[in-house]
Number of protein chains: 2
Amino acid sequence: MARISGSNGARTATAIRSAALTLIYRQGFAAMNLRDLAAEVGIQPSSLYNHITSKQALLFDMMQEHMATLLAATDAALEAAGPALMDRLRAFIAHHVLYHMERRQEVYIANFELRALDPPNYRQIVEMRRNYEARLMALLEEGVATGELEVADIPVTTFAMLAMLTGICTWYRPNGRLEKAELVALHTELALNGVRRRAVSAR
Amino acid sequence: MARISGSNGARTATAIRSAALTLIYRQGFAAMNLRDLAAEVGIQPSSLYNHITSKQALLFDMMQEHMATLLAATDAALEAAGPALMDRLRAFIAHHVLYHMERRQEVYIANFELRALDPPNYRQIVEMRRNYEARLMALLEEGVATGELEVADIPVTTFAMLAMLTGICTWYRPNGRLEKAELVALHTELALNGVRRRAVSAR
DNA sequence: TCTGGAAACTAACGTACCTTCGTTTCCCAG
DNA sequence: CTGGGAAACGAAGGTACGTTAGTTTCCAGA
């Protein structure tokens with residue numbers, strides 16, 4: 001027995017990524033081993049190396065792809081929101097929450113397996129993360145400049161908002177009590193309440 | 001050479017906990033190995049077993065101790081805050097943020113190494129976590145009942161608030177731009193703005 | 001139809017890991 | 001002063017891991 005009838009490189013590569021996603025999400029990158037991964041895909045451990053160059057490279061590729069997709073999708077959402085600042089801010093938040101529910105495994109890994117990356121890979125992913133955070137920070141800055149927002153400290157508020165919104169990928173489960181749309185709406189309000197300009201009588 | 005002059009059980013045990021904290025925080029539990037841990041403490045790997053029963057038990061003990069301390073400290077802070085709901089809510093938030101800055105390694109581990117626990121240990125720590133979350137949820141419920149707070153969905157808001165406030169332990173660094181007290185104040189306002197009853201003119 | 005590369009297999013290498021064992025030395029209670 | 005437990009040591013067992021090597025089979029393009 002050697003190459004299996006009907007085997008297909010692209011399909012196997014996809015299956016590896018998909019299985020790795022589940023296993024890393026569940027156990028963490030360091031705790032995942034290539035034997036389990038291969039078994040999940042239905043091939044021998046050594047066959048993985050027809051599709052990956054190393055365990056480390058697999059993680060890096062997955063993270064990089066995820067971050068690139070997230071950045072592109074975010075920019076598209078911002079573009080579609082039109083010119084008004086509050087519309088763009090809402091779009092950012094809503095997109096972030098929805099994306100983090102629908103791809104919570106990718107997101108979770110990208111957030112919590114950074115330390116598993118080799119230094120050069122680490123630097124590259126962190127740079128992409130910074131780009132993402134910069135999108136929100138720029139929106140807050142703009143809102144403060146126009147007076148639509150009231151933000152005591154822009155960097156801290158950026159991190160706090162992102163932490164809150166990203167948190168959803170740690171506890172959200174499909175088939176939970178609430179629909180995705182409801183969770184998006186709830187989080188959007190919570191986030192905006194933290195930065196919206198308060199009417200004088202409410203302070 | 002065998003038992004070292006001046007060696008002391010309690011001191012070594014403490015040193016192990018302390019070194020493990022740093023190593024697990026930096027690399028993750030699965031990626032930390034007992035050889036590195038022993039080297040950090042200054043003893044041989046096998047000598048660790050005079051103080052721990054297994055690597056898994058070390059993690060569990062550390063987590064359990066942390067959660068017990070957190071629960072006790074939180075209750076003390078709530079007690080000291082007096083009877084008024086908003087005082088207790090502020091006290092909870094402020095205490096949470098301060099605690100998460102001062103013991104960010106313990107907190108980070110307790111939050112993100114849950115999956116490294118064996119099932120029975122896992123259940124026990126998750127139960128303690130739920131107790132902690134219940135403290136905040138009860139405060140929000142009380143505030144909604146008295147009308148002091150306006151919360152669209154109590155469980156979701158609880159999780160979102162905790163995610164935001166806990167997030168600080170992922171990016172806070174001593175000697176950063178802001179003092180602890182400033183960060184506490186900023187986060188307290190951000191969190192309260194999300195749940196405080198809005199004046200009519202501000203809605 | 002034929003051939004080269006893609007994609008799988010089996011086997012194994014070398015290392016690193018957690019843990020156990022038996023021994024040695026030190027400290028302290030009686 | 002002395003005996004027993006506490007706390008360290010060195011050495012090694014047994015396993016599991018990432019990865020490489022060499023081989024075999026299938027598929028697609030000429």
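Just so it is clear: chains get the letters A, B, ... in the order the sequence lines come, proteins before strands, and each one is counted from 1.
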S.K.: Choose from D/dC17, C/dT20, C/dA8 the nucleotide whose nearest atom is closest to any side-chain atom of B/Y49.
M.R.: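 My answer, after comparing the listed nucleotides, is C/dT20.
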S.K.: Does a side-chain N or O from A/N33 land closer than 4.0 Å to OP1 or OP2 of D/dC17, or not?
M.R.: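 For D/dC17, OP1 or OP2 has a side-chain N or O of A/N33 closer than 4.0 Å.
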S.K.: Can B/K55 be said to sit on top of B/F29's aromatic six-ring, NZ or CZ under 6.0 Å from centre and within 45° of the ring axis?
M.R.: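 Yes, B/K55 lies over the aromatic ring of B/F29.
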S.K.: Any idea which of D/dT20, C/dT19, C/dC18 is nearest the B/P45 side chain?
M.R.: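 Within the option list, the nearest is C/dT19.
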S.K.: Would you tell me whether A/N121 and A/D118 have side-chain atoms, one donor and one acceptor, within less than 3.5 Å of each other?
M.R.: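 The answer is no; no qualifying pair exists.
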S.K.: Consider side-chain hydrogen bond (donor to acceptor under 3.5 Å, both in side chains). Of A/T74, A/T158, A/D75, which one does A/R135 pass it with?
M.R.: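 Result for side-chain hydrogen bond (donor to acceptor under 3.5 Å, both in side chains) with A/R135: A/D75.
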S.K.: In whole Å, I'd like the distance from the CG atom of B/N50 to the P atom of C/dT25.
M.R.: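 Computing the B/N50:CG to C/dT25:P distance gives 16 Å.
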S.K.: Quick one: which of C/dA7, C/dC18, D/dT19 gets closest to the side chain of A/R35?
M.R.: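 Out of C/dA7, C/dC18, D/dT19, the nucleotide with an atom closest to A/R35's side chain is D/dT19.
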S.K.: With heavy atoms under 4.0 Å as the rule, sort B/S46 into base, sugar-phosphate or nothing.
M.R.: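 It contacts base atoms.
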S.K.: Nearest whole Å is fine: how far is C/dC18 P from B/L58 CG?
M.R.: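 Computing the B/L58:CG to C/dC18:P distance gives 11 Å.
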S.K.: OP1, OP2 of C/dA7 versus side-chain N and O of A/S47: anything below 4.0 Å?
M.R.: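 Looking at the OP1 and OP2 atoms of C/dA7, neither is under 4.0 Å from any side-chain N or O of A/S47.
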S.K.: Please pick, from C/dT19, C/dA8, D/dC9, the nucleotide with the shortest atom-to-atom distance to any side-chain atom of A/T12.
M.R.: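 From the listed options, C/dA8 comes nearest.
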S.K.: Quick one: pull up OG1 in A/T69 and CD in A/Q64 and give me the separation to the nearest 0.5 Å.
M.R.: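 That separation rounds to 10.0 Å.
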S.K.: From CD of B/Q44 over to P of D/dC9, roughly how many Å is that when rounded to an integer?
M.R.: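 It works out to 5 Å between those atoms.
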S.K.: In Å and rounded to the nearest 0.5 Å, what is the OG1 to CE distance from A/T166 to A/M164?
M.R.: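 Interatomic distance, A/T166 OG1 to A/M164 CE, rounded to 0.5 Å: 9.5 Å.
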S.K.: Rounding to an integer number of Å, can you tell me how far B/L23 CG sits from C/dC18 P?
M.R.: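 The answer, rounded to whole Å, is 12 Å.
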S.K.: Nearest whole Å is fine: how far is C/dT24 P from B/I43 CD1?
M.R.: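 Rounding to the nearest Å, CD1 of B/I43 and P of C/dT24 are 20 Å apart.
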S.K.: Between D/dT19 atom C1' and A/I52 atom CD1, what is the distance in whole Å?
M.R.: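 That distance rounds to 10 Å.
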S.K.: Once you round it to whole Å, what is the distance between P of D/dC27 and CZ of A/R11?
M.R.: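 Taking atom P of D/dC27 as the reference, CZ of A/R11 is at 11 Å.
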S.K.: Tell me the interatomic distance from B/L34, atom CG, to D/dA12, atom P, rounded to whole angstroms.
M.R.: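 Answer to the nearest Å: 20 Å.
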S.K.: If the cut-off is 4.0 Å, is B/H51 near the phosphate of D/dA8, judged by side-chain N/O to OP1 or OP2?
M.R.: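 True: B/H51 side-chain N/O within range (under 4.0 Å) of D/dA8 OP1/OP2.
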